Every structure is written in C-alpha cells, then in structure tokens.
Amino acid sequence: MRVLVVGASGFLGTELVRRASAAGWATSATYCSARPDTVPPGVSWHRLDLRAPDQLDGLLAELTPDAIINATSGLSDWAVTADGSFRVAMAAARHGRRLVHVSSDAVFSGSRISYDESCPPDPVTPYGAAKAAAETAVRLLTPAAAVARTSLIVGYGGSAHERMVHELAAGVREGVLFTDVVRCPVHVSDLAAALLELAQSDESGMFHLAGPDALSRHELGVLIARRDGLDASRLPAGCGAGTSMALDVRLDGRATQERLDTRLRGAREFLQLR
C-alpha cells in the first residue's frame with residue numbers, strides 16, 4: 001500500500017504517518033513550512049504549498065500513491081482550506097487516485113444539535129464555510145472519495161486543547177473553557193486508524209468520525225486535568241454564547257460505525273486516569 005498524507009506536519013497528520021509507516025505502508029508525507037521534529041524512518045517527505053497550482057501533479061506522478069489522505073488544516077485561510085482541497089481533489093481525479101478528505105464539524109451551525117451523515121452544511125464561521133466548500137468540491141470532483149467529518153481531536157497530550165488545559169491550570173495563559181460549547185471528542189489514534197481503514201477500502205460518501213460522548217469544552221478540560229494529575233478547580237469556566245462559534249454540535253456517527261471495523265472510543269473512556 002502506497003499512501004500520501006497531505007498536511008502531515010499537523011497533529012493528526014503526524015499520527016497518520018506514524019501508523020501508516022508502522023503498518024509497513026510505503027508512506028509519503030507533505031509539509032508546508034516545517035517537518036515535525038520526530039518522524040518515523042523511511043518516510044518520504046516533500047514540501048507542498050497547496051496555494052501553488054502546479055505542484056501536485058508532479059508529486060503524484062513521482063510517487064504514484066494508491067491513496068491520498070488530505071489532513072490539511074488551513075483554518076480560515078480560504079486559499080488553503082477551500083482552494084487547496086479543490087486542487088487536491090482535481091489532482092486525485094486526473095491521476096485516478098483514491099482520496100480520503102478530512103473535514104470538520106465546523107460545517108454545522110448547531111441549530112439542530114445532532115447531525116448525522118446526511119445533514120447538509122450550514123456553517124456560521126469562515127473556517128466552517130471553507131470546510132463546507134472543500135466538501136462540495138471533493139464530492140463533485142471525486143464521487144468515489146470518502147469525506148470524513150471529525151470533531152475535537154485529543155490524545156497523548158499533544159493536542160491544542162490539551163496544551164491549553166495545562167497552560168490554564170498552570171496560570172500561564174489567559175482564557176476560559178466554555179461550558180456551553182459542546183462537541184464529540186475523538187482520540188487521534190482512533191481517528192487515524194479509521195482514516196487509514198477508509199484509505200484501503202472502496203467505501204465512498206460521507207463519514208462521521210467522532211466519539212460517542214458529547215462534552216463541553218470545560219468538561220473535557222476537567223477530564224484531561226484529572227488524567228494528568230492537574231488541579232481541575234484551577235480551570236476557568238465561561239460561556240461561548242455571544243461569540244461567532246457554533247455552540248452545541250454533536251456528530252452522530254452510528255451509521256459510520258456500522259461501516260467500519262475501527263471503534264471510536266468516547267472521551268470518558270480514553271481519558272480515564274492512567
């Protein structure tokens with residue numbers, strides 16, 4: 001199996017590369033600004049700027065991957081998150097490559113709270129709009145692709161949310177953890193395993209890769225603090241109401257779980273005390 005991980009320098013991308021390499025796959029990975037400090041041996045690294053229109057074709061012709069996993073996170077940068085994903089889908093279609101595209105629960109407004117795989121996007125933030133545009137491009141250009149929406153990604157202490165919890169507990173960062181912003185966190189290793197399973201399958205369409213536990217950001221922070229031996233009472237709480245973000249967005253992934261062998265654990269399970 002030959003796989004190309006686009007956006008491999010991020011938290012999820014690094015785990016995808018690690019797991020693919022450990023499974024014996026011929027693994028290639030892209031980065032834009034810098035490679036991760038610690039990388040598995042034998043991985044082929046390539047600099048790629050998704051804003052540049054002509055780089056992907058040459059890379060795919062050189063590497064001939066069986067599958068491409070687009071794990072890029074350009075946040076609200078439309079040129080990366082939307083246009084860049086369009087370029088990946090176009091290149092995958094031209095070269096006849098399997099595509100797994102990673103999307104986000106940010107495509108939803110929270111107006112209906114629970115969202116299954118059939119729900120259309122209704123974003124309320126620039127990031128959500130860019131992700132929704134990317135989904136549309138991928139589904140139109142590569143109908144056989146798998147589009148995987150996910151939620152807050154945590155695990156091994158390296159996620160942005162886990163770092164924030166440690167900094168808030170230590171008093172070295174200002175901010176609050178919202179009690180009214182609810183998501184369905186997923187462990188990075190579970191998510192990576194599910195994406196790699198999709199990469200080697202012929203499953204197409206929409207998938208929801210999130211954990212079964214719906215937690216507020218503050219509840220999640222308390223679980224992280226307790227797991228890591230921190231004083232959870234030091235975590236400041238606040239409300240997200242009045243901000244631009246969607247409040248309660250719960251990905252219903254029951255239909256997805258019936259199609260996959262990989263089990264996605266809930267945060268209450270994977271954040272148990274060590």
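In this text, all values refer to a predicted model and were calculated from it rather than measured experimentally.
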Check your understanding: Is the closest side-chain heavy-atom distance between M1 and T27 below 4.5 Å?
Key -> no

Check your understanding: Does E219 pair with R183 as a salt bridge, N-O distance under 4.0 Å?
Key -> no

Review point. Got a second to check how far S104's OG is from L75's CG, nearest 0.5 Å?
Key: 10.0 Å

Check your understanding: Where do A130 and T81 come nearest, in terms of heavy atoms and distance?
Key -> CB-CG2, 3.6 Å

Exercise for review: Using the rule that two of Ile, Leu, Val, Met, Phe, Trp, Tyr join whenever any of their side-chain heavy atoms come within less than 4.5 Å, decide whether L215 and F270 are in one cluster.
Suggested key: yes

Check your understanding: Passes side chain to side chain contact (heavy atoms under 4.5 Å, CB included), H166 versus L230? Steps please.
Key -> CA-CA 8 Å; H166 277 249; L230 306 175; 3.8 Å; yes

Practice item. Would you name the heavy atoms of R19 and A193 that are closest together and state the gap between them? Key: NH2-CB, 3.6 Å

Review point. How far apart are the closest heavy atoms of L220 and A267, and which atoms are they?
Key: CD1-CB, 4.3 Å

Check your understanding: What's the shortest heavy-atom distance between T179 and A237, and which atoms?
Key -> CG2-CB, 3.8 Å

Practice item. Applying side chain to side chain donor-acceptor pair (under 3.5 Å), run through D116 and H208 and close with a yes or a no. Key: CA-CA 7 Å; D116 66 21; H208 280 185; over 6 Å; no

Check your understanding: Which heavy atom of P36 sits nearest a heavy atom of A8, and at what distance?
Key -> CG-O, 4.1 Å

Check your understanding: Should V6 and I69 count as side-chain neighbours, where that means a heavy-atom distance under 4.5 Å?
Key -> no

**Study point:** Spacing of OG1 belonging to T72 relative to CZ belonging to R87, to within rounding of 0.5 Å
**Key:** 12.0 Å

Review point. Does CZ in R47 sit with more than 12 non-hydrogen atoms of other residues, nucleotides or ligands closer than 6.0 Å?
Key: yes

Check your understanding: Just wondering, do L195 and V102 contact through their side chains at under 4.5 Å, heavy atoms?
Key -> yes

Point to revise | Qualifying ring-ring contact (aromatic ring centres under 6.0 Å, His included) pairs, either residue in residues 39-94, two or more places apart | key: none

Check your understanding: Do the side chains of V43 and V188 join up, straight or via other hydrophobic residues, at under 4.5 Å, putting them in one cluster?
Key -> yes

Review point. Would you call Y31 and L48 a side-chain contact if the rule is heavy atoms closer than 4.5 Å?
Key: no

Check your understanding: Between R98 and D66, is any pair of side-chain heavy atoms under 4.5 Å apart?
Key -> no

Review point. Can you tell if the side chain of V181 reaches within under 4.5 Å of the side chain of S216, non-hydrogen atoms only?
Key: no

Point to revise | Value rounded to 0.5 Å, distance of CZ in F207 from NE2 in H101 | key: 13.5 Å

Revision key, fill the gap. With sequence neighbours left out, the residues meeting salt bridge (Lys or Arg N to Asp or Glu O under 4.0 Å) with E62 are none

Point to revise | Polar side-chain atom of T243 near backbone of G240 as donor-acceptor pair, under 3.5 Å | key: yes

Exercise for review: Test L99 against V88 for side chain to side chain contact (heavy atoms under 4.5 Å, CB included), laying out the working first.
Suggested key: CA-CA 9 Å; L99 176 61; V88 173; 3.9 Å; yes

Practice item. Hey, could you give me the CG/OG distance between L251 and S151, rounded to the nearest 0.5 Å? Key: 5.5 Å

Return all side-chain donor-acceptor pairs below 3.5 angstrom for residues 52-60, not counting sequence neighbours, or 'none' if the list is empty.
{"from": "Q55", "atom 1": "OE1", "to": "D49", "atom 2": "N", "distance (Å)": "3.0"}
{"from": "D57", "atom 1": "OD1", "to": "R94", "atom 2": "NE", "distance (Å)": "3.2"}
{"from": "D57", "atom 1": "OD1", "to": "R94", "atom 2": "NH2", "distance (Å)": "3.2"}
{"from": "D57", "atom 1": "OD1", "to": "H95", "atom 2": "NE2", "distance (Å)": "2.9"}
{"from": "D57", "atom 1": "OD2", "to": "R94", "atom 2": "NH2", "distance (Å)": "2.9"}

Review point. If two hydrophobic side chains count as joined below 4.5 Å and joins carry through other members, does L209 share a cluster with V186?
Key: yes

Revision key, fill the gap. Residue pairs meeting salt bridge (Lys or Arg N to Asp or Glu O under 4.0 Å), one or both in residues 240-261, sequence neighbours left out, come to E203-R259, D248-R250, D252-R254

Exercise for review: State, with a plain yes or no, whether a side-chain heavy atom of N70 is found less than 4.5 Å away from one of V100.
Suggested key: no

Point to revise | Distance-only side-chain donor-acceptor flag, S189 / H187, under 3.5 Å | key: yes

Check your understanding: Judged by atom type as modelled, is there a donor-acceptor pair below 3.5 Å linking the side chain of T142 to the main-chain atoms of A93?
Key -> no

Practice item. Name all residues meeting the salt bridge (Lys or Arg N to Asp or Glu O under 4.0 Å) criterion together with E135; count only those two or more places apart in sequence or in a different chain, and write none if there are none. Key: R149

Review point. How long is the span from the CG atom in D213 to the CD atom in E269, to the nearest 0.5 Å?
Key: 8.5 Å

Point to revise | Side-chain donor/acceptor of R163 to backbone N/O of G158, under 3.5 Å | key: yes

Practice item. Examine M245 and V249 and state if one hydrophobic cluster contains both, with Ile, Leu, Val, Met, Phe, Trp and Tyr joined whenever side-chain heavy atoms are less than 4.5 Å apart. Key: no

Point to revise | Within 6.0 angstrom of R139 CZ, more than 12 heavy atoms from elsewhere | key: no

**Study point:** Donor-acceptor under 3.5 Å (R234 side chain, L168 main chain)
**Key:** no

Check your understanding: Do any N or O atoms from the side chain of E167 and from the backbone of E174 form a donor-acceptor pair under 3.5 angstrom?
Key -> no

**Study point:** Residue pair V138 / S85: nearest heavy atoms and the distance that separates them
**Key:** CG2-O, 4.5 Å

**Study point:** Backbone of S159 reached by a side-chain donor or acceptor of E162 within 3.5 Å
**Key:** yes

Check your understanding: In Å, rounded to the nearest 0.5 Å, how long is the span from CG of L191 to OG1 of T262?
Key -> 10.0 Å

**Study point:** All pairs passing ring-ring contact (aromatic ring centres under 6.0 Å, His included) where residues 104-152 contributes a residue, at least two apart
**Key:** F108-Y115

Check your understanding: Quick one: are V124 and S244 in side-chain contact, heavy atoms under 4.5 Å?
Key -> no

Review point. Any chain of hydrophobic side-chain contacts (each under 4.5 Å) joining F178 to M164?
Key: no

Exercise for review: Would you please test L196 and L16 for side chain to side chain contact (heavy atoms under 4.5 Å, CB included) and show each step?
Suggested key: CA-CA 8 Å; L196 293 173; L16 282 165; 4.0 Å; yes

Point to revise | Check against side chain to side chain contact (heavy atoms under 4.5 Å, CB included), R35 and S9 | key: CA-CA 6 Å; R35 288 171 45 176; S9 59; over 6 Å; no

